[in-house]
Structures are given as structure tokens and as C-alpha cells.
Amino acid sequence: MTQPVHLSLDINAQRHELDVEPRVTLLDALREELGLTGTKKGCDHGQCGACTVHIDGKRVLACLTLAAQAEGKAITTIEGLSTSGGELHPVQQAFLDHDAFQCGYCTPGQIMSAVACIREGRTGSDEEIREYMAGNLCRCGAYNHIVAAVRDAAEAPR
Ligand code: FES
Ligand code: FES
């Protein structure tokens, strides 16, 4: 067995210390080591987007990121989007308002991707939203509602 490495990860503005094998992905570290199970594993191969989180504000696929690569950076997961008082992020609220999910398994990744999509300014039209949300698959076919939710959240005053 490979020697574990000690990592200190900044997740949702909290420091987490852990010892893991160097090959452990950020996705598995979040889910298996830290109990943050909101980030989902749909493929583990970078093809579905269910594992989308933010590193330093940018969306990344946690299944293709080693936990060790995230050290020293600010990681945000779906659990960190709402305020400490429990108030939903506008994108979370918009997903509720527009019924933009069914089973909910793709939803954390969709929401993290949507927050970044809005931040990137890729919400000029429904077509643009569709294109820049295309990295997140939804087997329940909620795409039309997801586009409506992203549009609504992008237009809401912030
Ligand atoms: S689990 Fe990472 S892209 Fe599918
Ligand atoms: S809500 Fe079920 S996969 Fe998207």
C-alpha cells in the first residue's frame, strides 16, 4: 500500500485535516473521508458532471481532481452554498421554483455548474445556457426546467 499523505483542505470555509493515499480523488475524499455526500458520483470518468464542485470559484470535476491537487485552494461544495443561517442560494431557490430536478442525483452538480455559469456570464440566451450547462447530464430530462431556473437566477438582482 502506498504511504498516505497528510492533506489540509479548505472546504466551505472550514479546514479539514485528513490522511489519504495520494491517488484518492477529491470526490472520494469529500464523500468517503469527510462525509460530504452532496457531491455525487455518476461516472467517475469526467463524463456526467454529477461531481461538479468549485475550486477557487471555478467549476471543476471532482472525480478528475486528486484531493492533493486541491490543497491550499478554496473548495466549495453544494453543502457550502447556502448561508450559515440556512438561507438558500438564489440558484438553489430557482431550482425549487422551477422544478428543475426529479430524482435529485444530478442536481448538486447542476447547481454548482449553474452558479459558475452565471458567474462566467454565459447566460445571454437560453441557447448559451444550454451550451454551457451541457457538461451536466440529467437522466430525468429536467433540462427545460434547468434552463428556466438558470435564466431566472441570472436575471435576479444580486
Ligand atoms: S462523476 Fe465526475 S463527471 Fe461523472
Ligand atoms: S434530476 Fe434525475 S438525473 Fe437529473
Side-chain angles (χ1 to χ4, degrees), residues 2 5 7 9-12 16 18 20-82 86 88-120 122-123 125-156:
T2 324
V5 289
L7 299 179
L9 298 181
D10 167 12
I11 305 166
N12 304 329
H16 295 265
L18 62 164
V20 289
E21 285 189 50
R23 66 183 175 84
V24 168
T25 62
L26 177 59
L27 176 58
D28 284 343
L30 291 169
R31 292 184 54 83
E32 310 291 335
E33 306 290 330
L34 302 171
L36 291 167
T37 54
T39 308
K40 304 301 189 202
K41 185 188 285 188
C43 70
D44 217 16
H45 288 99
Q47 291 169 352
C48 75
C51 65
T52 307
V53 299
H54 295 176
I55 293 185
D56 288 342
K58 300 212 164 57
R59 46 179 161 174
V60 300
L61 298 171
C63 72
L64 295 186
T65 306
L66 293 174
Q69 290 173 284
E71 200 172 31
K73 303 186 174 153
I75 303 157
T76 310
T77 69
I78 189 70
E79 290 92 347
L81 265 197
S82 58
L88 294 180
H89 185 284
V91 173
Q92 291 176 308
Q93 187 61 53
F95 268 62
L96 281 175
D97 294 345
H98 289 275
D99 287 333
F101 56 93
Q102 289 180 42
C103 76
Y105 198 84
C106 74
T107 313
Q110 299 280 3
I111 289 177
M112 296 310 288
S113 213
V115 171
C117 184
I118 293 169
R119 198 177 282 149
E120 292 158 17
R122 295 296 185 181
T123 54
S125 65
D126 284 4
E127 290 67 38
E128 192 177 25
I129 293 171
R130 265 179 212 286
E131 185 176 345
Y132 281 86
M133 289 296 293
N136 291 81
L137 303 185
C138 175
R139 287 295 292 272
C140 299
Y143 294 116
N144 288 344
H145 294 240
I146 291 169
V147 170
V150 176
R151 189 200 314 127
D152 197 17
E155 286 168 357

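Every number for a ligand or one of its atoms is a count from 1 in the order of the listing. Small disclaimer: the values here were computed from a predicted structure and weren't measured.
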Donor-acceptor under 3.5 Å ([X] side chain, [Y] main chain):
| X | Y | result |
| --- | --- | --- |
| R59 | M112 | no |
| N136 | G49 | yes |
| Q92 | I111 | no |
| Y143 | C138 | yes |
| H45 | Q47 | no |
| N12 | T77 | yes |

Quick one: are [X] and [Y] in side-chain contact, heavy atoms under 4.5 Å?
| X | Y | result |
| --- | --- | --- |
| Q110 | F101 | no |
| T52 | L61 | yes |
| R151 | D126 | yes |

> Under 2.8 Å from atom 4 (Fe) of ligand 1, is there an N/O/S atom belonging to H45?
Replying inline: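 No N, O or S atom of H45 is closer than 2.8 Å to atom 4 (Fe) of ligand 1, so no.
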
> Take atom CZ in R23; do more than 12 heavy atoms of anything else shown fall under 6.0 Å from it?
Replying inline: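 No.
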
Atoms of ligand 1 close to [X] [distance to a heavy atom under 4.0 angstrom, numbered from 1]:
| X | result |
| --- | --- |
| G42 | 1 (S) |
| G46 | 3 (S) |
| C48 | 1 (S), 3 (S), 4 (Fe) |
| Q47 | 3 (S) |
| C51 | 1 (S), 2 (Fe), 3 (S) |
| G49 | 3 (S), 4 (Fe) |
| C43 | 1 (S), 3 (S), 4 (Fe) |

>> Strictly under 2.8 Å, how many protein N, O or S atoms lie near atom 4 (Fe) of ligand 2? Waters don't count.
In response: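 Near atom 4 (Fe) of ligand 2, the number of protein N, O or S atoms below 2.8 Å is 2.
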
> What's the shortest distance from atom 1 (S) of ligand 1 to any protein heavy atom, and which residue and atom give it?
Replying inline: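 Of the protein heavy atoms, D44 N, 3.2 Å lies nearest.
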
